[in-house]
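Down below is the structure, laid out as structure tokens.
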Amino acid sequence: VADFLTFTGRASVDYYSYLEEERLAVGSIAEAFGIGYNDTSSGYSMRRGDFSEYNFDLMANFNKDITDRLNLTGLVGTNIRKQKTSDYWASTNGGLAVEGIYSIANTASPLELPEENAAEIQVNGYFANASLGYDNVLFLEGSVRVDQSSTLPKDNRTYLYPSASASFIFTKFIEKDWFSFGKV
């Protein structure tokens with residue numbers, strides 16, 4: 001847009017899917033197994049799940065010399081994060097009815113209800129940062145981030161992260177070979 005202003009945009013995806021099977025052969029030592037964690041000496045358990053996360057970022061970066069000694073840098077941006085998870089877990093109850101057949105339907109007792117979970121989360125973030133520098137010696141900085149989360153109550157789902165700092169590079173006034181950089 002201008003020699004002091006640039007834009008950055010990016011999108012990213014993280015996704016995985018899994019299947020876990022647990023098999024306890026007939027004649028095994030009895031242990032807590034399956035959804036009800038009942039003591040049993042055989043059984044079959046299956047878990048399936050999916051996870052996805054999408055991130056969308058847009059930022060404007062600026063770096064402008066206001067005078068020969070005064071510089072202003074910073075950025076303004078937004079991030080949208082969408083996350084979705086789902087999983088399913090089922091197991092036999094009371095052991096296997098028929099030895100060697102590992103299937104949820106091969107249960108010795110009535111099945112426990114399977115556990116199913118599904119969640120969708122979205123966080124909308126807005127952020128800004130600015131740094132005012134004087135003669136590459138004195139700096140004043142401030143930043144702020146505001147997030148809105150879909151997992152919080154509607155009347156209280158926004159939270160704020162502000163910060164401010166000042167710094168002084170004192171080695172500009174000290175000429176010692178053994179002391180190259182110092183900042184307060």
Side-chain angles (χ1 to χ4, degrees), residues 1-2 4-24 31-40 42-64 72-94 96 101-107 109-132 139-167:
V1 176
F4 66 91
L5 182 63
T6 62
F7 287 95
T8 303
R10 70 180 157 227
S12 63
V13 177
D14 184 15
Y15 175 81
Y16 63 84
S17 182
Y18 65 89
L19 169 64
E20 291 178 14
E21 294 179 286
E22 188 174 1
R23 298 173 183 202
L24 191 59
E31 63 179 66
F33 183 86
I35 291 180
Y37 294 105
N38 300 314
D39 278 348
T40 185
S42 67
Y44 175 72
S45 170
M46 179 184 68
R47 292 180 191 220
R48 288 179 181 251
D50 293 298
F51 171 86
S52 63
E53 181 175 289
Y54 299 86
N55 276 282
F56 306 95
D57 298 304
L58 181 61
M59 291 177 281
N61 298 281
F62 56 92
N63 186 346
K64 179 77 173 163
L72 180 63
T73 63
L75 63 91
V76 176
T78 185
N79 166 261
I80 298 171
R81 179 174 59 90
K82 295 181 177 191
Q83 192 178 77
K84 189 174 183 179
T85 59
S86 64
D87 60 67
Y88 171 86
W89 181 29
S91 67
T92 57
N93 186 19
L96 297 173
I101 299 177
Y102 296 99
S103 167
I104 299 296
N106 187 24
T107 184
S109 300
L111 288 173
E112 298 270 349
L113 291 175
E115 290 185 8
E116 296 181 78
N117 298 298
E120 291 187 34
I121 298 169
Q122 181 166 330
V123 177
N124 298 330
Y126 310 95
F127 50 89
N129 174 279
S131 176
L132 184 62
F139 297 91
L140 297 173
E141 293 191 33
S143 66
V144 66
R145 181 176 174 106
V146 177
D147 283 335
Q148 296 173 320
S149 177
S150 65
T151 59
L152 297 174
K154 200 171 199 174
D155 295 338
N156 197 21
R157 64 174 47 163
T158 301
Y159 39 103
L160 178 72
Y161 305 97
S163 72
S165 69
S167 59

So, do Ser12 and Tyr54 sit near enough that their side-chain heavy atoms are less than 4.5 Å apart? no
Partner set under side-chain contact (heavy atoms from CB on, under 4.5 Å) for Phe4, not counting sequence neighbours: Ala2, Phe62, Lys64
Under 4.5 Å between any side-chain heavy atoms of Asn61 and Thr8, yes or no? yes
Identify the heavy atoms of Ala90 and Pro114 that sit nearest to each other, and give their distance. CB-CB, 4.1 Å
Report the C-alpha separation of Ile80 and Asn55 in whole Å, then their side-chain angles, then the decisive distance to 0.1 Å, and conclude whether the side chain to side chain contact (heavy atoms under 4.5 Å, CB included) test is met. CA-CA 6 Å; Ile80 298 171; Asn55 276 282; over 6 Å; no
Do the non-hydrogen side-chain atoms of Leu19 and Met46 ever get within less than 4.5 Å of each other? yes
Can you tell me how far OG of Ser103 sits from CG of Leu96, rounded to the nearest 0.5 angstrom? 9.5 Å
Quick one: CG on Asn79 to CZ on Phe56, what's the gap to the nearest 0.5 Å? 10.0 Å
Glu31 versus Leu24: any side-chain heavy-atom pair under 4.5 Å? yes
Under 3.5 Å: donor-acceptor pair, side chain of Asn106, backbone of Ile101: yes
Give, for atom CG of Leu140 and atom OG of Ser167, the distance between the pair rounded to the nearest 0.5 Å. 8.0 Å
In short, Leu111 meets Asn93 closest at the heavy-atom pair CA-CB, 4.3 Å
In Å and rounded to the nearest 0.5 Å, what is the NZ to OG distance from Lys82 to Ser52? 10.5 Å
Just verifying a value: how many Å separate Arg145 CZ and Ser163 OG, rounded to the nearest 0.5 Å? 12.5 Å
Any non-hydrogen side-chain atom of Val146 less than 4.5 Å from a side-chain atom of Thr158? yes
Restricting to non-hydrogen atoms, name the atom on Asn129 and the atom on Glu141 that form the minimum distance, rounded to 0.1 Å. ND2-OE1, 4.5 Å
Hey, are the side chains of Tyr18 and Asp87 touching, using non-hydrogen atoms and a 4.5 Å cut-off? yes
For Thr85 and Phe51, indicate whether the former's side chain and the latter's backbone hold a donor-acceptor pair under 3.5 Å. no
Counting N and O atoms only, with roles assigned by atom type, does the side chain of Ser150 sit under 3.5 Å from a partner on the main chain of Gln122, one being a donor and the other an acceptor? yes
Return the orientation label for the Tyr159 and Tyr161 ring planes: parallel under 30°, perpendicular over 60°, tilted otherwise. perpendicular
Of all heavy-atom pairs between Phe139 and Ser131, which one has the smallest distance, and what is that distance? CD2-OG, 4.1 Å
Could you measure the distance from the CG atom of Leu5 to the CG atom of Leu75? Nearest 0.5 Å is fine. 11.0 Å
Taking the side chain as C-beta and beyond, is there a heavy-atom pair between Ile35 and Trp89 under 4.5 Å? yes
Could you check whether atom CZ of Arg157 has more than 12 heavy atoms from other residues, nucleotides or ligands sitting under 6.0 Å from it? yes
Under a 4.5 Å cut-off applied to non-hydrogen side-chain atoms, are Met59 and Phe127 in contact? yes
Check: Asp50/Tyr15 side-chain N/O donor and acceptor closer than 3.5 Å: yes
Taking all non-hydrogen atoms of both residues, which atom of Asn63 and which atom of Thr73 are closest, and how far apart? OD1-CG2, 3.3 Å
Which heavy atom in Glu112 sits nearest to a heavy atom in Asn38, and how many Å separate them? OE2-ND2, 3.6 Å
Assess the side chains of Glu115 and Asn117: does a donor N or O sit below 3.5 Å from an acceptor N or O? no
In terms of relative ring orientation, are Tyr102 and Tyr44 parallel, tilted or perpendicular, with 30° and 60° separating the classes? tilted
